[in-house]
Amino acid sequence: MTPNKSEINKVATHPLQSWEWGEFRKEWGNEVVRLPFGQLMLHKIPKTNYKVATFIKGPKPNQSQLDTLKKIAKENNYIFIKLEPNIRHNKNSEILLKKSNARQGKTLFTPTTFWIDLTRNEDDVMKSFESKTRYNIRLAQKNGVEVVEDNSGKAFEKYLKLTKETVERQKFYAHSEKYHRLMWEHLHTSMSVNPIARLLTAKYRGEIITTWIVFVWKDFLYYPYGASTFKHKNIMANNLMMWEAIRYGQKNNLKTFDLWGREPGKGFTKFKEGYKPEIVRFIGTWDLVTSKLYSTYKLIDQTRWFFLRNKAKISRPTF
């Protein structure tokens, strides 16, 4: 029997396994399969009867779960199921996955992330930061930057505008405006109580110059999306935003702030490192192979990504 909303949300340890996220992805165009232990998102391979499934941020794998996944995959023409369990790296789970014909695959989420412990008092958290980070926080405060939660339609439109500006400035590929609007509808607007998605804004001289969307799920705070204007970059609003997001998590009695990924050498990773977070290593990405077509699919996918990367070198990202 297909689990209901309360059953799905009870077992979900991450917002990307929430019922609301599943509803969002269904409206976005994915088929969603709900099982007692989590949700699969299906991606149909064009002009074929085959599909690829993703099981992202699910629970710790066990033999019963993997057997169920393989059975469903073979019955429904899944070439493989991409697994990224929401658990720290451990040898036992790795051995189990290998025995179940799972192979390490191309990542969707980074294999490591940053966590900040929100159970400490404010003074201890602030003292743990790098001295330059503390200085930048005080500078933003001195300049009169104000950070507040603002979930209004006007603030969300500003978020979209700043996201467009950030994409064009930094030349990275982001989800489309339509995607963000649909995500906000399902994870905020349609949730009358305790929405998953909340909008934090930083104002300077009455103007919103930085916006972050954060997710709240159980005792975790997440930072998946952010955007800012280049116009006032020396005001250091982003540093104050991170500090106020930490305080926001504490005020809401959350225990851990997940900074949503870590890519060594990238500028924003260096920014996050200034807050001295813990580096957390997950078990990584595994392809649970369920069809002889897996090798063929991998070859075609590698070729497709080769052309997409080359196209990206000559085209400008849009939002």
Side-chain angles (χ1 to χ4, degrees), residues 1-46 48-113 217-218 220 280-302 304-305:
M1 186 168 62
T2 303
N4 60 32
K5 179 177 178 178
S6 63
E7 291 168 333
I8 286 291
N9 283 345
K10 184 177 180 179
V11 299
T13 63
H14 192 279
L16 299 195
Q17 276 295 312
S18 68
W19 177 275
E20 289 79 7
W21 185 265
E23 291 299 290
F24 155 53
R25 294 301 308 204
K26 280 167 64 176
E27 190 168 347
W28 182 246
N30 296 108
E31 183 182 346
V32 177
V33 176
R34 290 183 165 122
L35 303 168
F37 48 80
Q39 301 178 122
L40 307 183
M41 308 296 165
L42 304 187
H43 309 264
K44 193 175 186 306
I45 299 174
T48 75
N49 292 323
Y50 292 97
K51 300 172 184 176
V52 169
T54 57
F55 189 23
I56 307 305
K57 297 300 180 182
K60 182 179 179 179
N62 58 50
Q63 193 62 63
S64 174
Q65 175 202 118
L66 295 173
D67 288 344
T68 298
L69 290 174
K70 286 192 283 188
K71 182 176 183 294
I72 291 172
K74 289 178 180 179
E75 290 174 348
N76 294 279
N77 288 330
Y78 304 171
I79 294 176
F80 68 98
I81 300 174
K82 186 172 288 293
L83 309 173
E84 282 189 350
N86 190 37
I87 60 167
R88 289 179 183 252
H89 181 267
N90 67 86
K91 280 292 182 182
N92 290 338
S93 293
E94 188 174 293
I95 291 169
L96 175 64
L97 286 164
K98 287 179 178 178
K99 284 183 177 179
S100 298
N101 200 31
R103 309 174 192 180
Q104 290 189 310
K106 185 173 68 178
T107 60
L108 295 178
F109 275 73
T110 58
T112 59
T113 190
W217 186 251
K218 298 187 176 176
F220 266 75
V280 175
R281 180 187 176 197
F282 293 109
I283 195 170
T285 307
W286 296 82
D287 292 347
L288 185 65
V289 180
T290 54
S291 168
K292 293 179 181 179
L293 294 174
Y294 176 76
S295 296
T296 303
Y297 172 88
K298 290 284 288 183
L299 180 61
I300 294 172
D301 191 55
Q302 288 169 0
R304 182 175 75 91
W305 277 105

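Both backbone and side-chain heavy atoms feed into the values below; hydrogens, waters and symmetry mates do not.
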Report the C-alpha distance between I45 and V52 in whole Å, list the side-chain angles of each, state the deciding distance to 0.1 Å, and finish with yes or no for side chain to side chain contact (heavy atoms under 4.5 Å, CB included).
CA-CA 7 Å; I45 299 174; V52 169; 4.1 Å; yes
When you measure from the side chain of K82 to the backbone of K106, do you find a donor-acceptor pair of N or O atoms at a distance under 3.5 Å?
yes
Does the S18 side chain pair with the main chain of W21, one donor and one acceptor, at a distance under 3.5 Å?
yes
Which heavy-atom pair separates S100 from L66 by the least distance, and what is that distance?
OG-CD1, 3.4 Å
Assess whether side chain to side chain contact (heavy atoms under 4.5 Å, CB included) is satisfied between T54 and N30, documenting all intermediate values.
CA-CA 11 Å; T54 57; N30 296 108; over 6 Å; no
Measure the shortest side-chain to side-chain distance between F220 and H14 over non-hydrogen atoms and say whether it is less than 4.5 angstrom.
no
Answer yes when K10 and E7 have at least one side-chain N-carboxylate O distance shorter than 4.0 Å, and no when they do not.
no
Please report the shortest heavy-atom distance between S93 and I87, naming the atom on each side.
OG-CD1, 3.8 Å
Between the side chains of N4 and S6, does any donor sit under 3.5 Å from an acceptor?
yes
Over all atoms of both residues, closest heavy-atom pair of L69 and I81
O-CD1, 3.6 Å
Specify whether F37 and F55 have parallel, tilted or perpendicular ring planes, treating 30° as the upper limit for parallel and 60° as the lower limit for perpendicular.
tilted
Taking atom OH of Y50 as the centre, report whether more than 12 heavy atoms of other residues, nucleotides or ligands fall under 6.0 Å from it.
no
Side chain to side chain contact (heavy atoms under 4.5 Å, CB included) assessment of F24 paired with V32:
CA-CA 10 Å; F24 155 53; V32 177; over 6 Å; no
Selection residues 11-23 - residue pairs positive for salt bridge (charged side-chain N to carboxylate O under 4.0 Å, His left out), sequence neighbours left out:
K5-E20, E23-K26, E23-R34
Mind listing the closest non-hydrogen atom pair of W19 and P3 along with its distance?
CZ3-O, 3.8 Å
Is there a donor-acceptor pair under 3.5 Å between the side chain of K70 and the backbone N or O of L288?
no
Determine, step by step, whether Y297 and D301 satisfy the side chain to side chain contact (heavy atoms under 4.5 Å, CB included) criterion, reporting the C-alpha distance in whole Å, the side-chain angles of both residues, the deciding distance to 0.1 Å, and the verdict.
CA-CA 6 Å; Y297 172 88; D301 191 55; 4.1 Å; yes
Which atoms form the tightest heavy-atom contact between M41 and G22, and what is the distance?
CE-CA, 4.0 Å
May I ask you to decide if I79's main-chain N or O and T290's side chain share a donor-acceptor pair within less than 3.5 Å?
yes
Is there a donor-acceptor pair under 3.5 Å between the side chain of D287 and the backbone N or O of R103?
no
How about F109 and F282: are their ring centres within less than 6.0 Å of each other?
no
How close do Q39 and L16 get, heavy atom to heavy atom, and via which atoms?
NE2-O, 4.4 Å
Sequence neighbours excluded - side chain to side chain donor-acceptor pair (under 3.5 Å) pairs with any residue from residues 72-81:
K71-E75
